[in-house]
Amino acid sequence: MAGASGGFLAGFNDPWLKPRLLRAVVAERLPQPGGAELPPVELASVLGAVRTHGLLTEGLPDRAPEDPKLAEAWRAAVDSWVERVVALVESDSAYSCWLGTCFLGVTFQECSNERFAESYSNWYEKILSNLQEPSSLQLVTVISCTSMSDLFVRLAKFLNLKKEASAFAGRVVEPVLRLLNENGLVADEATNLLRTVIKLYPSSVNRHYNKVESAIVAKVMSTGVNIKPSEKFARTLALLPSIRVSEDSWSLMIQRILIVVNNLLNDAFVGLEEEKNGHDIMLLLVPPGADPPPTLGDQVRSGANVHITKKFRVCTVPTISALMHCCSVMLTSYYPVQVNVPMRALVALIRRVLLVDGSLHKKLFPSTTSLHQELICFELPSLHSTFLDLLNATIKGLRSQLLPHGASIIRLVTEYFKIAKLPSLRTKAYSILQLLLTSMGIGTSLHLLEATVSNAIADLNDDGGSDMTIMSTNPSKVTNESSSKIYSKKRKQEPQVQNSFVSGSEKAAISPRKRKGSSVQIASKAMTPETTGDARILTPLSVKIAALETLEILLNVGGSLQTDCWRPEVDLLLINVATSACDTGGSYEQKPSTFGGASILDLQLASLKALLASFLSSPYSRPPYLAKGIKLFMKGNSSYEYKCEYIRTRFPVVNLTANIHISILSYIEKLI
């Protein structure tokens, strides 16, 4: 062929290009052991060339004729690459060792199956020596963990080498456990390697189980980690039951986690709840006469050297959050055998946290201090968010199995809406409502009807007799408020209004009158916007969108249930909200919101989808407000092209606006 003799190539698809490029890379761009450092740009260029051109694959193109000279030349080029990389790994220079280990990890991923099967044992020993005797340069240890993970991932594809691979994995566990005592990147990558080993070769960790559990629990509960919570350790802890697969293994792990969290809450919630709450949950976890389970890990209490005023924020809350994330992962992950979930205790623990609002328990003499109450209130939004995520995972993981406990969950969600005032928490509460409506059937919709409708109407009704102002709020700015009371106070004093606008057409449109005989209580003090003179607390866009999405699901699932009681109110509200959003959008500055926040276009889309669901689920032969709705859907204005482009950007799979148009037109054709 043209490139065989070193002459001109037939093109960039010429098979001779790859061995020639690889020889040039080794000769001109790979440094010698102990040589000069490679600039980061050059390192990225070399790695990019190896991956882009497949320089280490040693594979001829499909249907290409056999060429022994090409195969030999390519093999020789890869041999020279491997020799140089191994020499770098064995170098006394920490930088050369780091560079060689980095290139060796790429070799694990890119080389041919034949070469990997021939050399994996030797390469494994090179990397293992870096883990057993950590280098003074932390980056060497970090890249060694990463490269070892790459080796095990590639090795798992060779079913005939499973026994050898499991033995290799077992030898890695103890060095990794020692590395977990480090901080920063080393512990982070060591955890990644440990997770890879547990996932691919769980039997290799069996004899180290107790040590692994103790090490992971210590990281979860250590002060240093909990200053900035790491969910990675929690996800690793959630993998441990897969090492000893049995019903008891999984149930015992989640039982022990719930006991630890319940005990931590006992200390935190003193004076803010009934004293028997923690005791009642413990009785559900460990019934009278039953032996208590072994402690989780070595059960070292975190925060022993932390001042009492910082302990809850620095230690208790991060530990609880990490352990609850572990439970969420366990509940939503596949497990090969059927397990027993302690549902009563789990729901009771979630209820215990979500119904604490920071107010003192009704006692003649408070059993806590005002400082302690302030500290708890400051962290309550974070705790509530964590336990809402746990409730969400519980519903997702168990679905129809939740039916025996459905009543208690529905009561909990209904009561929580009276407490949830922060936008981030209220949005999560709506997402749980949506999940319940879609996963537990039409019977659940009947029980959630009043809570869904009353809260959605309260959040969508900003009026109260004056123009509606829609506010786009960054939830992260609000989440850190200490409590719903503090949130309300700050919003009155320092209202942070982003992307605000006023539409005169919304005066009466957004506030439908309450119809006589309606069973839905709208004007609840807990739900209506607070007012102080002319200053009002308005519902953020994210909450409005969540409320509209929840109404859409309710209409799709149970739109024909008890229609006389709530449908007229909801139908009128939806046409008014859609009209208001679309009218305002025409004069609103058409720019997508920054930082992924909700925008007026998202509100318009949500309102139109909810309105469409209202039409399609109408119990009447001709839905009310159909003519007005058709005008909204068919309305063309100067911003339509921008809206379509923006929606395509936010939802790249389908053009949702086009789908709405198609659906409504099809529906109109049926009516005609």
Side-chain angles (χ1 to χ4, degrees), residues 238 254 321 324-335 341-344 346-351 353-355 381 383-420 422-460 475 479 542-559 561 566 570 598 602 605-606 609-610 613 617 651 653 656:
I254 203 167
S321 297
M324 290 299 93
H325 181 71
C326 175
C327 290
S328 298
V329 173
M330 292 176 66
L331 288 165
T332 54
S333 300
Y334 168 77
Y335 198 67
V341 182
M343 273 303 305
R344 291 182 62 196
L346 184 60
V347 174
L349 187 64
I350 295 173
R351 181 182 183 85
V353 174
L354 293 184
L355 296 188
L383 271 181
H384 281 201
S385 180
T386 297
F387 278 81
L388 286 172
D389 290 338
L390 177 61
L391 181 57
N392 191 297
T394 303
I395 299 170
K396 284 183 179 178
L398 299 181
R399 291 191 176 270
S400 60
Q401 299 178 37
L402 275 178
L403 287 176
H405 310 277
S408 59
I409 293 176
I410 290 172
R411 283 195 301 271
L412 170 60
V413 174
T414 302
E415 292 177 38
Y416 184 69
F417 264 100
K418 300 175 184 178
I419 298 174
L422 299 183
S424 59
L425 300 182
R426 201 158 180 85
T427 303
K428 284 191 175 185
Y430 273 121
S431 69
I432 290 173
L433 270 182
Q434 296 169 20
L435 196 58
L436 287 171
L437 289 169
T438 55
S439 63
M440 297 185 67
I442 192 170
T444 303
S445 304
L446 186 60
H447 296 286
L448 289 171
L449 184 61
E450 182 173 346
T452 302
V453 173
S454 61
N455 285 288
I457 290 178
D459 286 328
L460 293 172
T479 305
S542 59
V543 179
K544 287 179 175 291
I545 292 169
L548 286 168
E549 291 172 345
T550 307
L551 282 180
E552 179 194 356
I553 294 175
L554 176 64
L555 289 166
N556 288 330
V557 175
L561 295 175
W566 63 279
V570 170
D602 297 310
L605 179 62
K609 291 174 67 178
S617 64
F651 303 94
V653 178
L656 294 181

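Side-chain atoms are counted along with the backbone in the values below, which use heavy atoms only and exclude waters and symmetry mates.
Residues M330 and A238 come closest through the heavy atom pair CG-CB, 3.6 Å. The two residues A393 and L331 have their closest heavy-atom pair at O-CB, 4.2 Å. Of all non-hydrogen atoms in R426 and F417, the two that sit nearest each other are NH1-O, 3.1 Å. In plain terms, the two heavy atoms of N392 and S431 that are nearest each other are ND2-OG, 3.9 Å. H384 and V353 make their closest contact through NE2-O, 3.1 Å (heavy atoms, listed as atom of the first residue, atom of the second, distance). Y430 approaches N455 most closely through the heavy-atom pair OH-O, 3.0 Å.
For the pair K544 and L460, the minimum side-chain heavy-atom distance is below 4.5 Å. Looking at L355 and L412, their side chains come closer than 4.5 Å, going by heavy atoms from C-beta outward. Side-chain contact between M440 and L403 is present, with heavy atoms from C-beta onward closer than 4.5 Å. Side-chain contact between L390 and L346: present, with at least one pair of heavy atoms (C-beta onward) separated by less than 4.5 Å. Within the 4.5 Å cutoff, the side chain of M324 has no heavy atoms near those of the D389 side chain.
Here the CG-NZ distance, from N556 to K609, works out to 9.5 Å after rounding to the nearest 0.5 Å. Taken from OG in S454 to CH2 in W566, the straight-line distance is 12.0 Å, to the nearest 0.5 Å. From L437, atom CG reaches atom CD1 of I432 across 12.0 Å, with rounding to the nearest 0.5 Å. Between the CG atom of L349 and the CG atom of L391 there is a distance of 11.5 Å, given to the nearest 0.5 Å. The distance from the CG atom of L605 to the CD atom of E549 is 8.5 Å, given to the nearest 0.5 Å. Taken to the nearest 0.5 Å, the CD1 atom of I395 stands 4.0 Å off from the CG atom of L436.
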Test side-chain contact (heavy atoms from CB on, under 4.5 Å) on L398 and M343; report intermediate values, then the result. CA-CA 10 Å; L398 299 181; M343 273 303 305; 3.1 Å; yes

side-chain contact (heavy atoms from CB on, under 4.5 Å) for L354 and V413? Distances and angles first, verdict last. CA-CA 9 Å; L354 293 184; V413 174; over 6 Å; no

Using side-chain contact (heavy atoms from CB on, under 4.5 Å), reason through L425 and I419 one step at a time and then give a plain yes or no. CA-CA 9 Å; L425 300 182; I419 298 174; over 6 Å; no

V347 and T394: side-chain contact (heavy atoms from CB on, under 4.5 Å), yes or no, with the steps? CA-CA 9 Å; V347 174; T394 303; 5.6 Å; no

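Under the 3.5 Å distance criterion, with hydrogens and angles disregarded, no donor-acceptor pair is assigned to the side chains of T452 and T550.
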